[in-house]
Every structure is written in structure tokens, then in C-alpha cells.
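Here's the structure we're looking at; comments come further down.
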Amino acid sequence: MNAPLPRTLKTPADLMTAGLISPAQAEALVAVAAKYAIGISPAFQEIMAEPAVARQFMPTPEELRTIPAERSDPIGDHAHAPVKGIVHRYPDRVLLMPTLACAVYCRFCFRRETVGDKGLSREELDAAVSYIRANTGIWEVILTGGDPLVLSARRLREIVTALNDIEHLKILRIHTRVPVAAPEMIDDALIDVLKHSTKTVYVGVHCNHPAELTSNAKAAIARLANAGIPLLAQTVLLKDVNDNTEILTALFRALVACRVRPYYLHQLDLAPGTSHFRVPLERGQALVAALRGQLSGIALPTYIFDIPGGAGKVPATNSYISPEGDGSYLVRDNAGEIHTYRPCD
Ligand SMILES: *Cc1c(COP(=O)(O)O)cnc(C)c1O
Ligand code: SF4
């Protein structure tokens, strides 16, 4: 008989059984669990002793505090969804969200009001692919969700095959946390599926702290890199997780050493119940300025800001964002329109 497989912790009772919280704490988390999905993968259970890991995945009652500036659809996905599962905000690329499930549920997730819900049915996926086929300006599809790499190899292969037929589509980018959160899922079957794509496949790995890069995670990343897949990293700037130059330096250097190019450092979106994770923009800018002086250019991501409401992403630099002095900012989008950002209301 094999030993029972370790499994993902999904409820306050699971967390209690695993010895991570007391019965009283579990009781206090019932309301959090009713609102937001919980998931701590076996790989991350092994590194929960690291406070910067625990903070990202352990639910807390602080999540029940939503400030007025926070909203359920912080970056305006709904306003740009022509069909279910597609977000089309920029002319040359779309997001395709086949599933809303993830290997872990990050407590600061920008789509926390939808992650964990049901993904696309077969018919809905067909309609989404038809939309991509009909819009010849779409050069790149970004598979996101949720986490597309939690899909079975069979299901992923169907998506890859459907996209292979679309002539104008050249790039397939996959945004995922699986290489660090569930490295065992980056197996031969999955690599085969990615190789089956006739498009150029990029994988963007969401990674926020050097402790996430365990030896198993590094091996999973190496399997992707050895398959010839260019790798990018996305990092979310998080209070008391990675908001200092030492940790960011260690993280970005470790990623580069794993053949992963740091791509974006995200200012945390205004998702509900996440204010305890938010780093003020000025502090983020100061951190990035300090890194610029000491880090190799290949290790330095763009500090990026997604304008609330759906106007898109801009670099979080002073040429796009100007503080008003009262805690609010004026933000210029890529079309030159000015938006007000009030993170503290
Ligand atoms: C973030 C995002 C993208 C990808 O933007 P890049 O700057 O190309 O990484 C594409 N579409 C939508 C709707 C997005 O929110
Ligand atoms: S893996 Fe991504 S989509 Fe899933 S909970 Fe974390 S941030 Fe959200």
C-alpha cells in the first residue's frame, strides 16, 4: 500500500487538522472561507514555516475588512469581456480563462471574487475560441484564470489543438503559479502538450518570495526551460512578504539563475479585503529605484500598475502617476486619459 497522498488544505477544519491553527481560530475563519476560496498545496504546506509563505496563503479575519476603494472587479475585466472567458482590452492580445481553479489560493488575489468558481463548459470554450478565430487582430492569447495548468493534460491539449488552427495567432502565453505551487504537476504529459502547440509558447510564473523556489520548484522550472520554453516571472509587491530590497534582490536573482526573466512587479490591485497587503505606491517606487542602482538589468522587472476600472496597465512611474498630496493620485492611461486613484478611501 502506498502512503496516503498529501492533499491540498481547503477548509478551516483542514487547517486545524494539519496543526496550523487552533479550534478557536478555525471557528473565526468560517466567515472568511464562506467568502473566499482557501487552498494550500502539498508543496507549500512543506514551507509554511516561512512567514512570508504562510502570510500569502493562510486565511485571516483581516480579509473581512473591505475598504470603500476596493471593488470586486478591480481591473475592470467584466467591462472588456465580449464572450464568457475572454477579456479583450488591448487590440493585439486577449486573456482566455478556461478554468477558475488554482493549485493554491493567494489571499491577495485580484480575481478573488471569482477564483474557485466553475470554469468554461465545452460550448463556452468553443465560443471563446471562435471569438479569437474571428478577430484577426489577435496576435497573442494569454491563458489565465484561475490557473490553466491545473487542467488535465487532455483538456489542455484540446485547447492547444483548437488554437493551433488559428492562422493569425502567433503567441500562446500561459500565466501560472503551478511550477512553484505544485511542481509535480509539470510532468512529461504536460510538457508534451506544450510542445504540441504550433504557436510560440511563453510561460509566466507567478512567484513572490525566494522561499517559493524550492529544489522541486527549480526542477519543474528547469523541465520547462529544457523544453525550450521562454520563461517570465510575475511578482506582486506585498507588505510583509517581499517589500524590501534584500528579498526582492534575492528573488529576482534566483529567478534569473533559474532562466526566468522577471517581467512585472505588480502594484497590488484594489481587490476586496486585501488592504493589509498593500504597499503605498511611493514606497514601491522607492524600492524599485533602489534596485535599479544595484541589480543587473536582466533581473529588474517593470513596476506595473493596473488602472482600476479597466483603462489598462501603465508603468508605476512618475511619468504616468502623480501624487495629489491627499493620498490620491492622477494616473494617465495609454490613450492620454486621466484617472483618479484613491487607494486609501
Ligand atoms: C494584463 C493584461 C494583459 C497582458 O498585458 P501585458 O502588458 O502584455 O503583459 C492582456 N490583457 C489584459 C486584459 C490584461 O489585463
Ligand atoms: S494563483 Fe493567481 S489566480 Fe490563483 S489565487 Fe493566486 S493570484 Fe489568484
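Both ligands and their constituent atoms are indexed starting at 1 by order of listing.
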Assess whether a salt bridge exists between [X] and [Y], defined as any Lys/Arg side-chain N lying under 4.0 Å from an Asp/Glu carboxylate O.
X: R7; Y: D14; answer: yes
X: E212; Y: R177; answer: yes
X: E124; Y: K118; answer: no

Partner set under side chain to side chain contact (heavy atoms under 4.5 Å, CB included) for A335, not counting sequence neighbours: D333, E337
Euclidean distance, L238 CG relative to Q56 CD, rounded to 0.5 Å: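 Atom-to-atom, Q56:CD and L238:CG are 6.0 Å apart.
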Residue and atom names of protein N/O/S atoms that fall under 2.8 Å from atom 4 (Fe) of ligand 2: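 Result, waters dropped: C102 SG.
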Aromatic contact, H88 with Y131 (centres under 6.0 Å):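 Close enough - the centres of the two rings lie under 6.0 Å apart.
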Donor-acceptor contact present, side-chain R112 to main-chain A271, <3.5 Å: no
Show me the short polar-atom pairs for ligand 1: any N or O of it lying under 3.5 Å from a protein N or O, with distances only.
{"unit_1": "ligand 1", "atom_1": "7 (O)", "unit_2": "Y264", "atom_2": "OH", "d": "2.5"}
{"unit_1": "ligand 1", "atom_1": "8 (O)", "unit_2": "R93", "atom_2": "NE", "d": "2.7"}
{"unit_1": "ligand 1", "atom_1": "8 (O)", "unit_2": "R93", "atom_2": "NH2", "d": "3.3"}
{"unit_1": "ligand 1", "atom_1": "8 (O)", "unit_2": "R173", "atom_2": "NH2", "d": "2.9"}
{"unit_1": "ligand 1", "atom_1": "9 (O)", "unit_2": "R173", "atom_2": "NH1", "d": "2.9"}
{"unit_1": "ligand 1", "atom_1": "9 (O)", "unit_2": "R173", "atom_2": "NH2", "d": "3.4"}
{"unit_1": "ligand 1", "atom_1": "9 (O)", "unit_2": "Y263", "atom_2": "OH", "d": "2.6"}
{"unit_1": "ligand 1", "atom_1": "15 (O)", "unit_2": "R89", "atom_2": "NH2", "d": "3.0"}
{"unit_1": "ligand 1", "atom_1": "15 (O)", "unit_2": "K313", "atom_2": "NZ", "d": "3.0"}

Y329 and Y341 aromatic ring geometry - parallel, tilted or perpendicular at 30°/60° bounds: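 If you compare the ring of Y341 with that of Y329, the planes turn out tilted.
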Side-chain cluster (under 4.5 Å, hydrophobic types only) that I298 belongs to, other residues: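 When side chains under 4.5 Å apart are linked, the cluster holding I298 also contains V256.
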